[in-house]
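Here the structure is laid out as structure tokens; the discussion comes afterwards.
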Amino acid sequence: MYTISTEDFDLDYTLDCGQVFRWDKDVDWWTGVVNNAVARISQNPKTGELLVDSSLDEDFFYQYFRLDDDLPAIFEQINKDEHMDIAINKYRGLRLIRQEPWECLISYMLATASNIPRIKKNISMLSAMFGEELEDGLYSFPKAEDLASTCCDDLCECKMGFRTARIIKAANAVVTGDIVLDELFRLDYQDAKKELMSLEGIGEKVADCIVLFAFDKMEGFPVDTHVEKIVRTYYGDDPFFEGKATKTKIGNWGRHYFGKYCGYAQQYLFYQKRLEGLI
DNA sequence: GGGCCG
DNA sequence: GCCCA
């Protein structure tokens, strides 16, 4: 057990905002599986200090929770209007998480036409069937090899529907080296996205999520149905749109309007809508 | 624009 | 959401 002191970090917002699917809260403690290890974390509401029970060290969580991001500097960049001002003041401390590329890839492929409870269920079933048991009831996320070598019928137990075949294909692409995930760190935003979109089942939105959450591309601005509604409601008359604000136009607008940290802007708007609806 | 799997 | 018609 050890502590990590933090500033501008809210554990609840960060783990609850819908970017990660393997954490659950029980009273004051969040339990999750990350990097093949179990972690239990609670936050002192007064001091912001984290209490951590895990074999993973302080440096790991510093990276994982992006405590290296200068949040005040990021807010200064994205705080373009009263809507963002309200969101960042209300949910201050929400941070993006640096996810593991492989798990993030599969998680967001599963997110297609789904919802957070179901995505969580799918991933937990996937881990229980193909991962390693770390503690009773807690399993590591399966390796690409584990999923590539299974037959469709076994994977169907995980209730992933039409996503099943895509998951197997993606696992095979990773195992054969058809796509090398670590290489994507070296590519810029556009190229990394293009590479991901060569996989079946990955379009604009999913690719944006993956480059933003796993590959450090803060220009990712995923436009799902919620972000589309938010932007149309708050910013739909922006001259940039020249008419109807389509999803692709909204993505380009977000990158342009909020600048290089637009991924943070997207997450604050997204979380606010999930909790409050359109206001 | 409709089908896809729960 | 993605994909294909």
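Because only heavy atoms are used, hydrogens play no part in the values below, and waters and symmetry mates are left out as well, while side chains stay in. Below, chain A is the first sequence line, B the second, and so on; all start at residue 1.
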Criterion side chain to side chain contact (heavy atoms under 4.5 Å, CB included) against D208(A), the qualifying member of M197(A), E219(A), K217(A), R255(A) | R255(A)
To the nearest Å, how far apart are K193(A) NZ and dC2(C) P?
-> 10 Å
Round to the nearest Å and state the distance from K205(A) atom NZ to dC3(C) atom P.
-> 13 Å
Taken to the nearest whole Å, CG/N115(A) to C1'/dC5(B) is 12 Å
Take D216(A) and Y189(A) through the test side chain to side chain donor-acceptor pair (under 3.5 Å) and record every step on the way to the result.
-> CA-CA 9 Å; D216(A) 264 323; Y189(A) 165 69; over 6 Å; no
Salt-bridge contact K249(A)-E242(A) (side-chain N to carboxylate O under 4.0 Å) | no
Rounded to the Å, how far apart are F162(A) CZ and dC4(C) P?
-> 13 Å
Spacing of K229(A) atom NZ relative to dG1(C) atom C1', expressed in whole Å = 13 Å
Sugar-phosphate only, base, or nothing, as touched by S114(A) at under 4.0 Å among non-hydrogen atoms | nothing
Starting at CD1 of I250(A) and ending at C1' of dG1(C), how long is that distance when rounded to a whole Å?
-> 15 Å
Measure distances between side-chain N and O atoms of R166(A) and base N and O atoms of dC5(B), and say whether any donor-acceptor pair falls under 3.5 Å.
-> no
ring-ring contact (aromatic ring centres under 6.0 Å, His included) evaluation trace for Y268(A) with F75(A) | CA-CA 11 Å; Y268(A) 274 84; F75(A) 290 158; 5.6 Å; yes
Closest nucleotide among dG6(B), dC2(C), dC4(B) to the K159(A) side chain | dG6(B)
Which part of the nucleic acid, if any, lies within contact of L199(A), taking any heavy atom under 4.0 Å across all strands shown: a base, the sugar-phosphate backbone alone, or nothing?
-> sugar-phosphate
May I have the distance from Y108(A) (atom OH) to dC2(C) (atom P), rounded to whole angstrom?
-> 13 Å
Which whole-number value in Å describes the distance from R163(A) CZ to dC3(C) P?
-> 13 Å
